[in-house]
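All values derive from a computational prediction rather than experimental measurement. All residue numbers refer to positions in the sequence shown, counting from 1. Read the numbers this way: they start at 1 and go in the same order the structure lists the ligands and their atoms.
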Amino acid sequence: MNYISTRGQMAPMGFQDAVMTGLAPDGGLLLPETLPNVSDQLDRWKDLSYTELAYELMRLFATDIPAEELRQLINDSYATFEHPEVVPSVKVGDLYILELFHGPTLAFKDVALQFLGNLFAYILERRGGKLNILGATSGDTGSAAIHGVRGKPNINIFVMHPAGRTSPLQEKQMTSVLDPNVFNLAVDGTFDDCQSIMKTTFADVPFKTEHSLGSVNSVNWARVLAQTVYYFYSAFRVMKETGAESVQFSVPTGNFGDILAGYLAQRMGLPIRKLILATNENDILSRFFNSGVYGKADVVPTISPSMDIQVASNFERYLYYLVGQDAARLSSMMSGFAELGELAVELNADGQVDDLFAAGRGDTENTLAVIKRYHAEHGYVLDPHTAVGVFVAEELASSDAPTICLATAHPAKFTQAIVDAIGEEVHHPTLDALADAPTRCDSIENDVDAVKQYLVKHI
Ligand SMILES: *Cc1c(COP(=O)(O)O)cnc(C)c1O
């Protein structure tokens with residue numbers, strides 16, 4: 001399987017190169033040249049375990065990794081999950097909750113980053129070379145990246161966070177990782193300062209090349225691929241239990257990464273009746289699906305912080321399919337967007353962008369009310385991101401297929417919102433154990449040169 005760029009200006013490359021490249025050199029995102037149709041495999045796949053299913057799917061895309069080695073990578077990646085099913089689907093009221101939070105950092109990003117970390121280590125070992133990952137986090141995503149590569153040979157990871165501005169729990173999830181290849185940097189500044197240091201450092205191409213700098217951002221193809229697996233797995237479980245012939249998914253969305261995987265699963269032949277896209281107040285994506293206009297607004301901080309995003313980095317992949325895989329047209333839309341902060345597509349005869357999608361928004365008040373009601377009625381505590389998806393599912397789900405809501409984090413990660421909603425804390429042993437854990441973190445000035453010097457010294 002070869003990979004091409006959505007902007008059409010890149011020679012096709014194999015899977016391993018695609019993983020190491022991340023973002024295409026022409027500014028586009030990588031996609032497989034053709035998406036396999038797996039409709040006639042579904043019957044054979046429906047009773048497989050999570051890792052067996054992951055292998056069957058991934059081998060169609062990772063064709064330059066030998067079978068047994070791919071199997072091993074997958075087994076290693078999901079052995080770190082605490083649930084025997086890896087990602088169980090739990091019936092709560094009328095809905096199924098797909099719990100994606102049984103990995104090491106209790107968030108769905110582990111599903112992709114545990115795999116990506118192993119994949120990087122595998123490729124570097126065979127090709128030779130080193131990778132020094134530089135990242136910036138406001139709290140939530142940094143720890144999944146750190147846990148994905150901790151202790152891996154030939155890889156170092158440097159994660160900047162704004163000193164004193166991440167939640168103490170999230171900071172601890174990062175700084176309690178003591179492996180010698182993990183470096184936490186508390187920057188004397190804001191999250192935007194951290195991001196700007198990262199961008200400036202990456203823009204210094206000679207420095208980037210000399211020190212083999214890379215990132216683990218959400219546009220890496222391997223992350224999207226790893227996420228397609230749970231759509232299949234959960235659909236099979238729920239169809240078996242209910243006897244239904246299709247399902248619908250509700251997905252709390254920020255960067256469009258998670259829901260893109262569902263879209264690709266549908267295009268490959270999984271019977272998905274609807275994809276319900278749920279945003280918080282940062283609603284660029286729900287506005288798009290309801291109006292055809294994709295227009296930037298300011299980011300508003302909410303109680304579902306991992307969805308506080310205005311420009312969705314994976315959206316371009318969807319748009320590419322929407323415009324009929326026309327790379328030239330897509331490129332001109334994206335450059336228009338870069339210039340004007342807005343792009344638009346035509347609506348279909350039903351006044352929709354895409355009949356597969358239904359999109360809505362859950363504000364803070366709705367989110368807290370849903371958490372409270374699910375706790376009272378079902379004894380189940382939703383995290384604030386998941387609650388946005390549940391709220392929108394209740395509004396928009398069609399009645400003719402079972403609804404699966406993706407649960408993207410364990411509620412214990414978001415203590416304050418949970419206390420505000422239900423008046424008590426929720427605990428998880430992994431997080432409780434952090435209270436007395438030793439930590440390692442270096443403080444650093446809000447200055448690009450200081451960070452570069454730190455990198456040089458520690459690489
Ligand atoms: C990252 C994240 C999301 C959003 O996922 P996208 O792929 O960016 O749409 C939702 N919930 C949680 C808890 C997350 O960490």
Only distances under 3.5 Å count here; give the side-chain donor-acceptor pairs of residues 368-378 to other protein atoms, sequence neighbours excluded, each with its distance to 0.1 Å.
{"from": "Arg373", "atom 1": "NH1", "to": "Glu394", "atom 2": "OE2", "distance (Å)": "3.2"}
{"from": "Arg373", "atom 1": "NH2", "to": "Glu394", "atom 2": "OE1", "distance (Å)": "2.7"}
{"from": "Tyr374", "atom 1": "OH", "to": "Glu394", "atom 2": "OE2", "distance (Å)": "3.0"}

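Arg165 contributes no side-chain N or O that, together with a main-chain N or O of Phe191, makes up a donor-acceptor pair within less than 3.5 Å.
Judged as a side chain to side chain contact (heavy atoms under 4.5 Å, CB included), and not counting sequence neighbours, Ser332 has no contacts. Here Ser234 pairs with Ser89, Leu98, Val238, Phe249, Ile404 under the side chain to side chain contact (heavy atoms under 4.5 Å, CB included) rule; sequence neighbours left out.
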Once you restrict both partners to nitrogen or oxygen, which atoms of ligand 1 have a protein partner under 3.5 Å, and how far apart are they?
{"from": "ligand 1", "atom 1": "7 (O)", "to": "Gly257", "atom 2": "N", "distance (Å)": "3.2"}
{"from": "ligand 1", "atom 1": "7 (O)", "to": "Asp258", "atom 2": "N", "distance (Å)": "2.9"}
{"from": "ligand 1", "atom 1": "8 (O)", "to": "Asn255", "atom 2": "N", "distance (Å)": "2.7"}
{"from": "ligand 1", "atom 1": "9 (O)", "to": "Gly254", "atom 2": "N", "distance (Å)": "2.8"}
{"from": "ligand 1", "atom 1": "9 (O)", "to": "Asn255", "atom 2": "N", "distance (Å)": "3.2"}
{"from": "ligand 1", "atom 1": "9 (O)", "to": "Phe256", "atom 2": "N", "distance (Å)": "3.3"}
{"from": "ligand 1", "atom 1": "11 (N)", "to": "Thr408", "atom 2": "OG1", "distance (Å)": "2.8"}
{"from": "ligand 1", "atom 1": "15 (O)", "to": "Lys109", "atom 2": "NZ", "distance (Å)": "2.5"}
{"from": "ligand 1", "atom 1": "15 (O)", "to": "Asp140", "atom 2": "OD2", "distance (Å)": "3.1"}
{"from": "ligand 1", "atom 1": "15 (O)", "to": "Ser306", "atom 2": "OG", "distance (Å)": "3.4"}

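Using a 30° and 60° split on the angle between ring planes, Phe256 and Phe315 fall in the perpendicular class, above 60°.
Using a 4.0 Å cut-off between charged nitrogen and carboxylate oxygen, Glu85 and Arg237 count as a salt-bridge pair.
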